[in-house]
Amino acid sequence: MASGAPFDEAEARRRRLARAEAMQMARSRRWEKRKANMATRVTRGMAAFAVMLAALIVYGWTAGGMGIGLFIVSFLLLPMAGIAGMLLPVGGPDVDDIDKAPPAELPAITEAFLDRQRKQLPRLAAPQLDGIAVQLAALEKQLARVPADHPVAQDVGRLLSSHLPELVDRYTRIPPLQRTGLVEHDGRTPEATVVDGLKTVEAELARASATLAESDRDGLRVQGKFLEARYNEGQPGGMTSGR
């Protein structure tokens, strides 16, 4: 029993490091999306400013002059055009169609849905939300390579399109003052219930991702054995001749 203790401690440490790395990946992913969003808004604002400026110049040229009134108004129109371009919503996944989307599109839609709901969810759920975001990033590529009727894709589809949104929606309908005070029949508060539910979702997504990657892991193992047999046979330190 004593010999197993160091192994258990090392395994626990490995899992903590993996968890911390996953959360860092999720935060970096959110930050990159925010930067891209801001860059898009700034670009659109500058474009709207330039279009308005060009329109005023063309009008002044064709009309033989802008006039003092329009010249003064232009000082308002130009910044307003830029601000309007920045404030227009940036396109992204349609969260409202989450229950109709095919499995391959659900990871991106679900990530946008959880980002929208993050402020209403408990702060204690942040690690689970980050973990789910990491799993969604992996599944987005994996689900794109399998047909929509694949058993794993169907399971992920039901989880992301129905069960997860229902869990979040039911929690957010509870008044904020009652989320930590009320105790359910099992002795948990609504806040603890939603955190545990998100843990289950994260674990199920990890299981689905591992299942989809199983054939690739097997193929990697076979390829590794082939390379060992092909190039390590005959000479310990180099390639065999004549092959």
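Computed from a predicted structure; not experimentally measured. Heavy-atom basis, side chains included; hydrogens, waters and symmetry copies ignored.
With hydrophobic clusters built from ILVMFWY side chains whose heavy atoms lie under 4.5 angstrom apart, L124 does not share a cluster with I174. Put simply, I83 and V51 are part of two different groups of oily side chains (I, L, V, M, F, W, Y) that touch within less than 4.5 Å, one to the next. Both F49 and I57 are assigned to one and the same hydrophobic cluster, defined by single-linkage of ILVMFWY side chains at heavy-atom distances under 4.5 Å.
Between E111 atom CD and L160 atom CG the span is 11.5 Å, to the nearest 0.5 Å. Summarising the geometry, atom CD1 belonging to I109 is positioned 12.0 Å from atom CG belonging to L114; distances are rounded to the nearest 0.5 Å. Taking CD from E228 and CD from Q223, the interatomic distance works out to 11.0 Å, rounded to the nearest 0.5 Å. Between the CD atom of E202 and the CD atom of Q128 there is a distance of 6.0 Å, given to the nearest 0.5 Å. Here the CG atom belonging to D115 is positioned 11.0 Å from the OG1 atom belonging to T110, to the nearest 0.5 angstrom. A distance of 9.5 Å separates OG1 of T193 from OH of Y171, quoted to the nearest 0.5 Å.
When all heavy atoms of P107 and L136 are compared, the closest pair comes out as CB-O, 3.4 Å. Closest heavy-atom contact between S161 and I98: CB-O, 3.3 Å. Listed here is the closest heavy atom pair of P103 and A148: CG-O, 4.0 Å. In terms of heavy atoms, T172 sits closest to R179 at O-NH2, 3.1 Å. Nearest heavy-atom pair, L198 versus I132, reported as atom, atom and distance to 0.1 Å: O-CD1, 3.7 Å. Scanning all heavy atoms of the two residues, the minimum distance from A48 to A81 falls at CB-O, 3.2 Å.
Test L212, L143, D155, T211 against H150 for side chain to side chain contact (heavy atoms under 4.5 Å, CB included) and you get one pass: L212.
Counting heavy-atom neighbours within 6.0 Å of R123 CZ, excluding the residue itself, gives a total of 12 or less.
Within the 4.5 Å cutoff, side-chain heavy atoms of P122 are placed close to those of V194. Under the 4.5 Å side-chain criterion, counting only non-hydrogen atoms from C-beta, L220 is not in contact with R217. Taking 4.5 Å as the limit, every side-chain heavy atom of Q178 sits out of range of all side-chain heavy atoms of P190.
The side-chain contact (heavy atoms from CB on, under 4.5 Å) check on E204 picks up L159, R207, with sequence neighbours excluded.
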>> Using the rule given for side-chain contact (heavy atoms from CB on, under 4.5 Å), can you reason through M52 versus L56, listing the C-alpha separation, both sets of side-chain angles and the distance that settles it, and then say yes or no?
In response: CA-CA 6 Å; M52 179 60 71; L56 290 171; 4.3 Å; yes
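Salt-bridge annotation for D130 and R118: present, with a side-chain N of the basic residue lying under 4.0 Å from a carboxylate O of the acidic one.
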